[in-house]
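Accompanying notes for the structure given below.
Being a predicted model, the structure only gives us computed values, none of them experimental.
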Amino acid sequence: MPPVPPLRTDRLRLVPLDRSAHAAALHDLYADPRFAEYLASGPVPTVAAKEETLAVFDELAPGQGAWVAVRHDDSTERVVGRFSLRPCRYAAPGDPLEVGWFVAVDQWGQGLAAEGIRAALSYAAGLGHRRVIALVRHDNARSRALAERLGGVVTGQGRWYGEEPSLRYDIELAGS
């Protein structure tokens with residue numbers, strides 16, 4: 001059984017991540033240079049290397065993990081994003097879980113990142129989490145705007161994922 005359940009939104013199915021089944025699709029998504037510029041690692045050279053990077057989602061506690069997103073209206077089942085809820089590898093004792101979101105470049109500007117991450121936040125709140133954090137690169141205006149729309153407040157800055165500075169957003173969860 002996957003550590004997280006499938007989730008649905010108006011336009012997306014969030015399917016629990018299976019690193020061997022989804023590595024190729026995520027490799028393709030991350031390969032776009034406009035997308036890869038925001039990744040600390042840059043583009044990952046091979047599908048096998050992408051699969052290895054996804055190992056961070058193995059062995060998480062129940063209720064933690066990642067999802068890939070597929071649009072309801074796409075019969076090809078193409079992966080258009082990835083969402084996650086997991087411990088931050090740079091967390092201090094008592095820190096909340098970290099959320100993350102990635103959406104394919106050709107899907108930008110359609111509100112899919114907001115739709116998918118809201119489903120993950122609702123799921124986290126249902127588990128009793130009161131807040132989460134999001135680490136967003138300082139130059140990623142779209143993700144910073146989304147973190148702020150989600151109610152995120154900047155509570156720190158650091159170089160958690162590569163040389164570029166990132167901002168830590170604390171996001172209070174509704175209904176928790």
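Val15 has its side chain out of reach of Val79: every pair of non-hydrogen atoms, C-beta onward, lies at least 4.5 Å apart. Looking at Ile133 and Ile171, their side chains never come closer than 4.5 Å, going by heavy atoms from C-beta outward. Within the 4.5 Å cutoff, no side-chain heavy atoms of Leu14 are placed close to those of Val68. Taking the side chain as every heavy atom from C-beta outward, His22 and Glu51 never approach each other to under 4.5 Å. Within the 4.5 Å cutoff, the side chain of Tyr123 has heavy atoms near those of the Leu7 side chain.
Phe35 and Val47 are assigned to two separate hydrophobic clusters, defined by single-linkage of ILVMFWY side chains at heavy-atom distances under 4.5 Å. Put simply, Val153 and Ile117 are part of two different groups of oily side chains (I, L, V, M, F, W, Y) that touch within less than 4.5 Å, one to the next.
Among residues two or more places apart in sequence or in another chain, the side-chain hydrogen bond (donor to acceptor under 3.5 Å, both in side chains) test is passed with Glu98 by Tyr161. Applying the side-chain contact (heavy atoms from CB on, under 4.5 Å) criterion to Val80, with sequence neighbours excluded, gives Leu12, Ala69, Arg71, Arg78, Gln107.
For the salt bridge (charged side-chain N to carboxylate O under 4.0 Å, His left out) with Glu115, the lone residue among Arg11, Arg8, Arg13 that qualifies is Arg11.
Remark: side-chain polar atoms of Thr53 are paired, donor with acceptor, to backbone N or O of Lys50 under 3.5 angstrom. Listed for the Trp108 side chain is a donor-acceptor partner under 3.5 Å among the backbone atoms of Val103.
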For ring pair (Phe, Tyr, Trp, His ring centres under 6.0 Å), just list the numbers for Phe102 and Tyr30, CA-CA rounded to whole Å, side-chain angles, deciding distance to a tenth of an Å, and then say yes or no.
-> CA-CA 9 Å; Phe102 297 101; Tyr30 290 30; 5.5 Å; yes

Does the salt bridge (charged side-chain N to carboxylate O under 4.0 Å, His left out) test come out yes or no for Arg168 and Asp95, once each step is laid out?
-> CA-CA 12 Å; Arg168 174 184 161 150; Asp95 270 353; 3.3 Å; yes

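Of all heavy-atom pairs spanning Pro87 and Leu97, the tightest one is N-CD2, 3.5 Å. Scanning both residues, Val154 and Tyr169, for their nearest heavy atoms gives CG2-CE2, 3.4 Å. Shortest non-hydrogen contact noted between Glu163 and Arg159 is O-NE, 2.5 Å. Of all non-hydrogen atoms in Trp160 and Leu167, the two that sit nearest each other are CZ3-C, 4.0 Å. Counting all heavy atoms, side chain and backbone alike, Ala61 lies closest to Pro3 at O-CB, 4.1 Å.
Side chains of His138 and Gln157: a donor-acceptor N/O pair is absent below 3.5 angstrom, by distance only.
A ring-centre distance under 6.0 Å is not found for Trp67 and Phe57.
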